[in-house]
Amino acid sequence: MDNNEDNRKGGRRLIILAAASIFITLCLTTVSLAIYHYSGDIYLDRSRPGYLPDDEEVEDEEEDEEGDYTFEKTGVINKEVLEEYLKKLQIEVEALKAYQNPFDAEALSDAQFGL
């Protein structure tokens, strides 16, 4: 009878251990998410859907004449669209060709990146 009673105590202790582990995990996760939110780091996470950039980050589309060009997410790809893409791509190719020594250490300097 003593062995049967030990098995019951062991089962109860295992259930208590599991419940305590889950409770501690939930508490620590809640605390870490609260710190993440209240510290403002949540606004730095650009992978979140609905991320709103700062006002100075918003670019005017008219300013982006020579910037990146991407295809529209929906629509057809026809000759005119491809020609426009190739024209924009050629601007990028010319900018890359303008580098005198692209594999030099100077290519990664602060001045090269406009810092």
Y38: which other cluster members, linking ILVMFWY side chains closer than 4.5 Å, directly or transitively? none

Any V81 side-chain heavy atom under 4.5 Å of V76 side chain: no

Residues passing the side-chain contact (heavy atoms from CB on, under 4.5 Å) test with K97, sequence neighbours excluded, are V93, E94

Distance-only check: which donor-acceptor pairs under 3.5 Å involve side-chain atoms of residues 9-24, not counting sequence neighbours?
residue: S21; atom: OG; partner: L17; partner atom: O; Å: 2.9

Pairing residues for K87 by the salt bridge (Lys or Arg N to Asp or Glu O under 4.0 Å) criterion, not counting sequence neighbours: none

Could you list the donor-acceptor pairs under 3.5 angstrom formed between side-chain atoms of residues 26-33 and any protein atom two or more places apart in sequence or on another chain?
residue: T29; atom: OG1; partner: T25; partner atom: O; Å: 2.8
residue: T30; atom: OG1; partner: L26; partner atom: O; Å: 2.7
residue: S32; atom: OG; partner: L28; partner atom: O; Å: 3.3
residue: S32; atom: OG; partner: T29; partner atom: O; Å: 2.9

